[in-house]
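The next block holds one structure in the form of structure tokens; read it before the comments.
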Amino acid sequence: MAVYFFADDHFGNHPGKNIFKHLPPELRERITFVENDFSLLESGKWLEDCELLILNIIGDTCNLPHAGKNAEKALKQWCEQGGNALLLHGSSAAFWQWDWWRQIVGLRWVRPNDPDNVAKSTHPKKPFSLRVCKSRHPLSSKLVPFELDTDEIYIELEQVSPIMTLMDTFIEEGVYPQCFETVTPWNGKFVSFLPGHFTHATGNEQLIANIAEIIKYLL
């Protein structure tokens, strides 16, 4: 079984690649990492042995096309099989042009040209702290609080399905979930982890430790 990690370069910051290279070797050796290339995703061949999908993509950005019909067919099949996913940063919008995807991701990053005419999400850039929320979720005892020196803080997301908030941040604008889990209609677990835009953020030791714990939980 394998883990497939699909990423874009995210406006030249390469957060997916940076996170991948900082993961513990025992996790990294199980991962097939692909950046700026949807050919494997479109082929559907990853379905043969995928046990976890990791995404660090916002569809139709970074001079890349939105994933096409073949990718949608494969992703829908994988979701219907109860597949688990880790959605990093803006990946709730990885496939924002697909109606069904927009409805299953918990809190979704809303693009300016949203098909549902929902007001766009925003991301102030400043230092912020992340705290672990009180819950009886298995990850609550594994995640660690940390601070980031100036990164994108994703706010004003649209809630499309129930979530359990695992980490949040308190900033001038309000309190916002930064890590949360939702369960798909097919009982797959989707965990979203929102911090991680700039290189210094995706190299943060505590950020990587938290992502590693989420991967272990989802496997």
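Keep in mind that this is a model prediction, so the values were computed, not measured.
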Inset, instruction - State which residues pass ring-ring contact (aromatic ring centres under 6.0 Å, His included) with Trp186; sequence neighbours excluded, sorted by chain then number. - result: none
Legend entry - Closest heavy-atom pair and its distance - Arg30, Leu219: NH1-CD1, 3.6 Å
Inset, instruction - For the residue pair Pro177 and Met167, establish whether any side-chain heavy-atom pair is separated by less than 4.5 Å. - result: no
Legend entry - Rounded distance [0.5 Å steps], NE2 in His137 versus SG in Cys179: 8.5 Å
Inset, instruction - Could you walk me through whether Leu148 and Phe198 pass side chain to side chain contact (heavy atoms under 4.5 Å, CB included), step by step? - result: CA-CA 10 Å; Leu148 287 176; Phe198 296 114; over 6 Å; no
Legend entry - Within-4.5 Å side-chain heavy-atom neighbours: Pro115 and Trp96: yes
Inset, instruction - Would you check if Phe128 and Leu130 make a side-chain contact, meaning some heavy-atom pair closer than 4.5 Å? - result: yes
Inset, instruction - State whether the side chain of Ser92 and the backbone N or O of Val105 hold a donor-acceptor pair below 3.5 Å, judged by distance alone. - result: no
Inset, instruction - Please tell me if the side chains of Leu41 and Tyr4 come closer than 4.5 Å, counting only heavy atoms from C-beta onward. - result: no
Legend entry - Side-chain donor or acceptor of Arg131 paired with backbone N/O of Pro145 under 3.5 Å: no
Legend entry - Co-members of the apolar cluster containing Phe11 [side chain, <4.5 Å]: none
Legend entry - salt bridge (charged side-chain N to carboxylate O under 4.0 Å, His left out) contacts in which one or both residues fall within residues 144-162, not counting sequence neighbours: Arg108-Glu158
Inset, instruction - Check whether any side-chain heavy atom of Trp46 sits under 4.5 Å from a side-chain heavy atom of Val3, and report yes or no. - result: no
Legend entry - Straight-line distance of Leu218 CG to Lys216 NZ, nearest 0.5 Å: 12.5 Å
Legend entry - Residues forming a side chain to side chain donor-acceptor pair (under 3.5 Å) with Arg111, sequence neighbours excluded: none
Legend entry - Ile215 and Leu52: CA distance, side-chain angles, deciding distance, side chain to side chain contact (heavy atoms under 4.5 Å, CB included) verdict: CA-CA 8 Å; Ile215 292 172; Leu52 175 63; 3.9 Å; yes
Legend entry - Contact list for residues 199-214, test side-chain hydrogen bond (donor to acceptor under 3.5 Å, both in side chains), sequence neighbours left out: Asn18-Thr202
Inset, instruction - List for me each residue that meets salt bridge (charged side-chain N to carboxylate O under 4.0 Å, His left out) alongside Asp9, sequence neighbours excluded, and say none if there are none. - result: none
Legend entry - All ring-ring contact (aromatic ring centres under 6.0 Å, His included) counterparts of Phe146, not counting sequence neighbours: none
Inset, instruction - Can you sort out the partners of Pro185 under side chain to side chain contact (heavy atoms under 4.5 Å, CB included), two or more places apart, ordered by chain and number? - result: Ile104
Legend entry - Donor-acceptor contact present, side-chain Asn13 to main-chain Pro15, <3.5 Å: no
Inset, instruction - Among residues two or more places apart or on two chains, list those pairs meeting side-chain hydrogen bond (donor to acceptor under 3.5 Å, both in side chains) that have a residue in residues 64-84. - result: Glu72-Trp100
Legend entry - Residues, nucleotides or ligands: over 12 heavy atoms within 6.0 Å of Glu172 CD: no
Inset, instruction - Check Glu29 against Glu26 and note the closest heavy-atom contact, atom names and distance. - result: CG-O, 3.5 Å
Legend entry - Over all atoms of both residues, closest heavy-atom pair of Gly16 and Ala7: CA-CB, 4.1 Å
Inset, instruction - Enumerate the residue pairs fulfilling ring-ring contact (aromatic ring centres under 6.0 Å, His included) with a member in residues 19-41, sequence neighbours excluded, ordered by first and then second residue. - result: Phe5-Phe33, Phe20-Phe33
Inset, instruction - Please report the shortest heavy-atom distance between Gly196 and Ala201, naming the atom on each side. - result: CA-CB, 4.3 Å
Legend entry - Approximate separation, where rounding is to 0.5 Å, of Ile19 CD1 and Leu88 CG: 5.0 Å
Legend entry - Members besides Tyr154 in its Ile/Leu/Val/Met/Phe/Trp/Tyr cluster (side-chain heavy atoms under 4.5 Å): Ile58, Leu107, Trp109, Leu157, Ile163, Phe180, Leu194
Inset, instruction - Indicate yes or no for a side-chain donor-acceptor contact from Thr182 to the backbone of Pro162 under 3.5 Å, with no hydrogens or angles considered. - result: yes
Inset, instruction - Evaluate side chain to side chain contact (heavy atoms under 4.5 Å, CB included) for Asp116 paired with Val110, printing each intermediate quantity in order. - result: CA-CA 9 Å; Asp116 299 327; Val110 184; over 6 Å; no
Inset, instruction - Report the C-alpha distance between Phe6 and Leu40 in whole Å, list the side-chain angles of each, state the deciding distance to 0.1 Å, and finish with yes or no for side chain to side chain contact (heavy atoms under 4.5 Å, CB included). - result: CA-CA 9 Å; Phe6 296 100; Leu40 176 59; 4.1 Å; yes
Inset, instruction - Report yes or no: do Met164 and Val160 belong to one cluster of Ile/Leu/Val/Met/Phe/Trp/Tyr joined by side chain heavy-atom distances under 4.5 Å? - result: no
Legend entry - Single-linkage hydrophobic cluster, 4.5 Å side-chain cutoff, Val183 and Val191 together: no
Legend entry - Partners passing ring-ring contact (aromatic ring centres under 6.0 Å, His included) against Phe95 (at least two apart in sequence or in another chain): Trp98, Trp101
Legend entry - Non-hydrogen atoms of Arg102 and Asp99 that approach each other most closely: NH2-OD1, 2.5 Å
Inset, instruction - Kindly indicate whether the side chain of Ile153, heavy atoms from C-beta on, has any atom under 4.5 Å from the side chain of Ile171. - result: yes
Legend entry - Distance-only donor-acceptor check, side chains Glu181 and Tyr217, under 3.5 Å: yes
Inset, instruction - Quick one: pull up CD in Glu35 and NE2 in His14 and give me the separation to the nearest 0.5 Å. - result: 5.5 Å
Legend entry - Asn63 atom CG: more than 12 heavy-atom contacts under 6.0 Å: no
Inset, instruction - Find out whether Leu55 and Leu86 are in side-chain contact, i.e. whether some heavy atom of one side chain is under 4.5 Å from a heavy atom of the other. - result: no
Legend entry - Hydrophobic cluster membership, Ile31 vs Val34, 4.5 Å side-chain cutoff: no
Legend entry - Cys133 SG to Leu139 CG distance, which is reported to the nearest 0.5 Å: 12.0 Å
Legend entry - Pairwise distance CG(Asp60) to CG(Asn113) - rounded to 0.5 angstrom: 7.0 Å
Legend entry - Minimum side-chain heavy-atom gap Leu207-Phe193 below 4.5 Å: yes
Legend entry - Minimum-distance pair of heavy atoms, taken over all atoms of Ser161 and Gln159: O-NE2, 3.2 Å
Inset, instruction - Output yes when Asp114 and Lys120 qualify as a salt bridge under the 4.0 Å nitrogen-oxygen rule, no when they do not. - result: no
